[in-house]
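Accompanying notes for the structure given below.
Every value quoted in this text rests on a predicted model; they were computed, and no experiment measured them. Whatever order the structure lists them in is the order used to number ligands and atoms, beginning at 1.
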Amino acid sequence: MGHKETIYEGILKGNMKAVEDATKAALAENVAAGELLNEAMIPAMAEVGRLFEANEYYVPEMLIAARAMKAGLALIRPALVKEDVKPLGKVVLGTVKGDLHDIGKNLVGIMVEGAGFEVIDLGVDVSPENFVNTAKDKEADVIGLSALLTTTMPSMKTTIEALEEAGLKGKVKVVIGGAPVTQKYADEIGADGYARDAAAAATLVKKLLGR
Ligand code: B1M
């Protein structure tokens, strides 16, 4: 089995050690980090989602798959992020209130950092107040909101409302994303932009700030 297949299988089975070993071996053989991400890790997580939907996987399987994916991501992170760049701006990032999914958000963080921005990652289950207060305190240029559940998407709207109340709407740009999120929803709630994946999020942040 090739390294990419081992990584794919390893994530599906939640075998963290196999994912780490195969990722290290692939990197040592100069396989591009982006290739490992897009051709093994992301497809594996998509398959985990499909199995969950089909009632073949349950939350524990999803959890160990996520742990294995994170271990692989940690290894390819340095290759995805360009080092030694002066920050082009500041981005406050987090997964919205009530939502604990952080793999996509972490990937967005890596790509935005790789594009030359400083990322202040607030983690998961972040309240609108926390987003807004941090953006204010740190003088951030952008707030990035991630949601993976249809039930937590409304917190994106609440966060934009909190930003408006703080008088920062327009000054701090809001970028949203996550599997259930769409451009249409972004327009509806008055977000400054929507990105469908982590690479698009980095391009969008650059574009919004004219960098
Ligand atoms: Co959850 N889960 N989960 N889960 N989980 C989904 C999201 C689900 C679609 C599975 C399914 O039914 N097929 C479903 C949501 C249904 C819905 O609302 N429509 C679901 C459910 C139901 C749940 C629970 C409610 C299950 C339960 O307890 N009964 C529960 C909720 C917990 C909570 O948050 N309060 C739950 C729990 C979990 C785990 C904790 C076990 C685990 C998360 C572990 C972790 O993140 N640390 C988990 C996982 C792993 C998933 C799936 C399988 C994979 C998510 C993932 O990491 N994908 C997921 C199924 C799926 O998405 N197909 C599922 C890989 C990642 C790279 O992609 O996050 O989409 P993604 O990010 C992408 C883009 O969306 C985009 O860029 C990334 C890639 O480039 N993006 C942005 C993301 N954020 C962005 C922000 C941006 C821009 C782009 O700008 C700021």
### Query
Can you check whether Asp197 has an N/O within less than 3.5 Å of an N/O in ligand 1?
no

### Query
Counting both backbone and side chain atoms, is some N or O of Ala201 under 3.5 Å from an N or O of ligand 1?
no

### Task
Please state whether Pro180 comes within less than 4.0 angstrom of ligand 1, counting heavy atoms only.
no

### Summary
Between the OG1 atom in Thr134 and the CG atom in Leu122, the distance rounded to the nearest 0.5 Å is 4.5 Å

#### Entry: Subset of ligand 1 atoms that lie under 4.0 Å from at least one heavy atom of Gly144
91 (C)

### Message
To check your reading of the model: name the closest protein heavy atom to atom 76 (C) of ligand 1, its residue, and the distance in Å.
### Response
Arg196 O, 3.5 Å

### Summary
of all protein heavy atoms, closest to atom 68 (O) of ligand 1 is Gly104 CA, 4.3 Å

### Whether over 12 other heavy atoms sit under 6.0 Å from Arg196 CZ
no

### Task
Indicate yes or no for a side-chain donor-acceptor contact from Asp99 to the backbone of Leu149 under 3.5 Å, with no hydrogens or angles considered.
yes

### Query
Which atoms of ligand 1 sit under 4.0 Å from any heavy atom of Gly178?
75 (O), 81 (N), 82 (C), 83 (C), 84 (N), 85 (C)

### Task
Assess Met111 for proximity to ligand 1: is some non-hydrogen atom of it under 4.0 Å away?
no

### Task
Measure the spacing between CE of Met62 and CD1 of Ile64 and express it to the nearest 0.5 Å.
12.0 Å

### Query
Can you tell me which residue and heavy atom of the protein come closest to atom 60 (C) of ligand 1, and the distance to 0.1 Å?
Gly49 CA, 3.5 Å

### Task
List the closest protein heavy-atom neighbour of atom 40 (C) of ligand 1: residue, atom name, distance to the nearest 0.1 Å.
Leu63 CD2, 3.9 Å

### Message
Under 4.0 Å from atom 9 (C) of ligand 1, can you find at least one protein heavy atom?
### Response
no

### Query
If we only count N/O pairs under 3.5 Å, is Met45 in contact with ligand 1?
no

#### Entry: Closer than 4.0 Å: a protein non-hydrogen atom to atom 24 (C) of ligand 1
no

### Query
Based purely on interatomic distance, does Ala46 place a nitrogen or oxygen under 3.5 Å from a nitrogen or oxygen of ligand 1?
no

### Query
Hey, is Arg50 close enough to Glu47 for a salt bridge, meaning N to O under 4.0 Å?
yes

### Query
In His101, which N, O or S atom comes closest to atom 1 (Co) of ligand 1?
NE2

### Query
With a cut-off of 6.0 Å (strictly less than), are more than 12 heavy atoms of other residues, nucleotides or ligands near CD of Glu139?
no

### Query
Protein heavy-atom contact under 4.0 Å for atom 65 (C) of ligand 1?
yes

## Note on the structure
Note: Thr151, heavy atoms under 4.0 Å from ligand 1, region reported as neither

### Message
Quick check against the 3.5 Å criterion: does Tyr185 have a side-chain atom that pairs as donor or acceptor with the backbone of Met153?
### Response
yes

### Summary
Cluster membership besides Met1, Ile/Leu/Val/Met/Phe/Trp/Tyr side chains within less than 4.5 angstrom, sorted by chain and number, is none

### Message
Strictly inside 4.0 angstrom of atom 50 (C) of ligand 1, do you find any protein heavy atom?
### Response
yes

### Query
Within a radius of less than 6.0 Å around NZ of Lys157, do more than 12 heavy atoms belonging to other residues, nucleotides or ligands occur?
no

### Query
Looking at ligand 1, does any of its N/O atoms fall within less than 3.5 Å of an N/O of Thr150?
yes

### Query
Closest non-hydrogen protein atom to atom 12 (O) of ligand 1, residue and atom name please, with distance?
Phe52 CD2, 3.4 Å

